[in-house]
Structure formats: structure tokens, C-alpha cells
Amino acid sequence: MEVKKSPKADLEKKKGLYLEIGLVVILALSIFALNFKNYDNDKVEISQRTVLDEMEETVIQTAEDTPPPPPPETPEVTTELTIVEDDAVIENELGIIDMSEKNAVNEEVVQVVVEEEVEEVEEEIFTVVENDPEFPGGMEALYKYLQTSIKYPTIAKENNITGRVYVTFVVEKDGSIANPRILRDIGGGCGQEAIRVVKAMPKWKPGKQRGKAVRVQFNLPVSFNLQ
């Protein structure tokens, strides 16, 4: 004969639910026990009193004033007066200086003339003037001088170099030539030959500005042609 149980009396179905409820209750009790703190009031009051007592003792000890050291004793200074007779000679006697001699020396120093170095100021060089500088005999004489004085450089001949060399120089107030230099060169020694000829030129008629001779910058083209 089989034993039959009522489905309501079967606890196996609710076993898992009861187990979960029990775990939740145990977990809640554990958390409450960990967060619960109990302080002993007597111990807290005793520790506070101990700290206050130590602080009071410390303040009382640091408040003691140390007496200042006594001031150093100053030795008594005694002065002795020595009576000197009128006839005695005093070694440390002050000498009297004749100020008239000193003033005379100062006057001599003032009268010395200091020669200062005067810097020579270079006069202005004009590029455009009322009356241009002129070669003796005019421009035709200048071209003739260049044709007869220039010697065609050998290197320029061998390399068939032709063209114009531009030379610049300053015609001074007395007509002399100064500071010749090359503005444009064609090579082959033509520039050096042009400078040599310019340096050998006779004095020019100087340029004038407002009737006075002035320094003038002059540019001269020198042609090199092979025939």
C-alpha cells in the first residue's frame, strides 16, 4: 500500500525560499554588529582631563621669565691735565699755510691751455653741381687721351674680350684725382688698365657750386674694342 502526502504538507518546494530568507537575516545581523560602536564615557573624560593637565603644566613652565644679564661695568675714565709753561715748545704744532702761494699755483694750473684733438671733418662730395669738373681741353681731349694711353691687356686680346669698363673717382677742389675704383669690369685685366690710366690723368678743372670749388664724384666709361 503506497503512502500518499498532501501537496500542501510537502516542504521540499519551499526549501529554497526559506534558505534565502535565512541568509538575508544573517547578513543583516552581521552588518548591524559591525557598524555598532560603544564608547566608554569614563575613559574619554579621563583622557581629556589628562591632556588639559599636560597643557596647563606646559604653559606654566614656558611662562617663566629669565632675568636679563647685568649691564657691563664701564671703567671710570680719568683725565690728567698737564700744565705747560709759555716757553715750552710743542712738538705737534700746527703749521700756517700761506694761501696766497696756493692760489698762485692754482692760477698757473688754470692758465695752462689744453690742446684738444680736432677731428678733421671730411668735406661733402657732390654728385650734381652747377659747373661740372672738366678735363683740360674738354671731352674730345679726354677721349684722345684715353685712346693714346690705354694699352690693351694681353689676356683680353687672347680671349677676345671687348666692352666698357666704368670707373668712378673724385675730382678734388684743386683738380687732382682721388679714390678711383671700378664700378663695372669686363675682365681680362681691362679694369686694372682703366684705373692705371685714370690715376695718370693730369689735373682737371674743378667743379663749382655757387662759385666755390667743391669735391665732385665723376663716373667715366672706358671702351675696349679690338680692330
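As a basis for the values below, the full set of heavy atoms in this structure was taken, side chains included, without hydrogen atoms, waters or symmetry mates. For the single chain, residues carry numbers from 1 onward in sequence order.
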Nearest 0.5 Å please: distance from the [atom1] atom of [X] over to the [atom2] atom of [Y].
| X | Y | atom1 | atom2 | value |
| --- | --- | --- | --- | --- |
| Glu193 | Ile150 | CD | CD1 | 6.5 Å |
| Arg215 | Ile125 | CZ | CD1 | 4.0 Å |
| Lys157 | Cys190 | NZ | SG | 11.0 Å |
| Leu34 | Leu29 | CG | CG | 11.0 Å |

Looking at every non-hydrogen atom in both residues, tell me the closest pair between [X] and [Y] and how far apart they are.
| X | Y | value |
| --- | --- | --- |
| Phe169 | Met201 | CZ-CE, 3.9 Å |
| Lys173 | Ala213 | CD-O, 3.1 Å |
| Thr162 | Leu226 | CG2-N, 3.9 Å |
| Ser149 | Arg196 | O-NH2, 3.1 Å |
| Ala194 | Val165 | CB-CG1, 4.2 Å |
| Val171 | Pro206 | CG1-CA, 4.3 Å |

Is the backbone N or O of Arg210 less than 3.5 Å from a side-chain atom of Glu130, with the two atoms forming a donor-acceptor pair by type?
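Flag set: sc Glu130 to bb Arg210 pair under 3.5 Å.
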Between Asp174 and Ser176 (side chain of the first, backbone of the second, donor and acceptor by atom type, cut-off under 3.5 Å), is there such a pair?
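It does hold such a pair.
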No-hydrogen, no-angle side-chain donor-acceptor test under 3.5 Å, Asn225 and Ser223
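No - no donor-acceptor pair under 3.5 Å links their side chains.
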Answer yes if [X] and [Y] sit in the same cluster of Ile, Leu, Val, Met, Phe, Trp and Tyr residues linked by side chain heavy atoms under 4.5 Å apart, and no otherwise.
| X | Y | value |
| --- | --- | --- |
| Ile161 | Leu183 | no |
| Trp204 | Val129 | no |
| Val128 | Phe126 | no |
| Phe218 | Val170 | no |
| Ile195 | Ile155 | no |

Could you tell me how the ring of Tyr145 sits relative to the ring of Phe135: parallel (under 30°), tilted (30 to 60°) or perpendicular (over 60°)?
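Judged by the thresholds at 30° and 60°, the geometry between Tyr145 and Phe135 is tilted.
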Please report the C-alpha distance between Lys203 and Glu172 in whole Å, then the side-chain angles of each, then the deciding distance to 0.1 Å, and finally whether the side chain to side chain contact (heavy atoms under 4.5 Å, CB included) criterion is met.
CA-CA 9 Å; Lys203 287 187 176 182; Glu172 297 288 350; over 6 Å; no
Applying the side-chain contact (heavy atoms from CB on, under 4.5 Å) test to Lys208, which of Asn131, Val214, Asp132, Val216 qualifies?
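The passing option is Asn131.
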Please test Gln192 against Asp185 for side chain to side chain contact (heavy atoms under 4.5 Å, CB included), starting from the C-alpha separation and ending with a verdict.
CA-CA 9 Å; Gln192 289 78 1; Asp185 196 1; 4.3 Å; yes
Taking the side chain as every heavy atom from C-beta outward, state whether [X] and [Y] have any atom pair closer than 4.5 Å.
| X | Y | answer |
| --- | --- | --- |
| Arg181 | Thr168 | yes |
| Asn219 | Tyr166 | no |
| Val167 | Val197 | no |

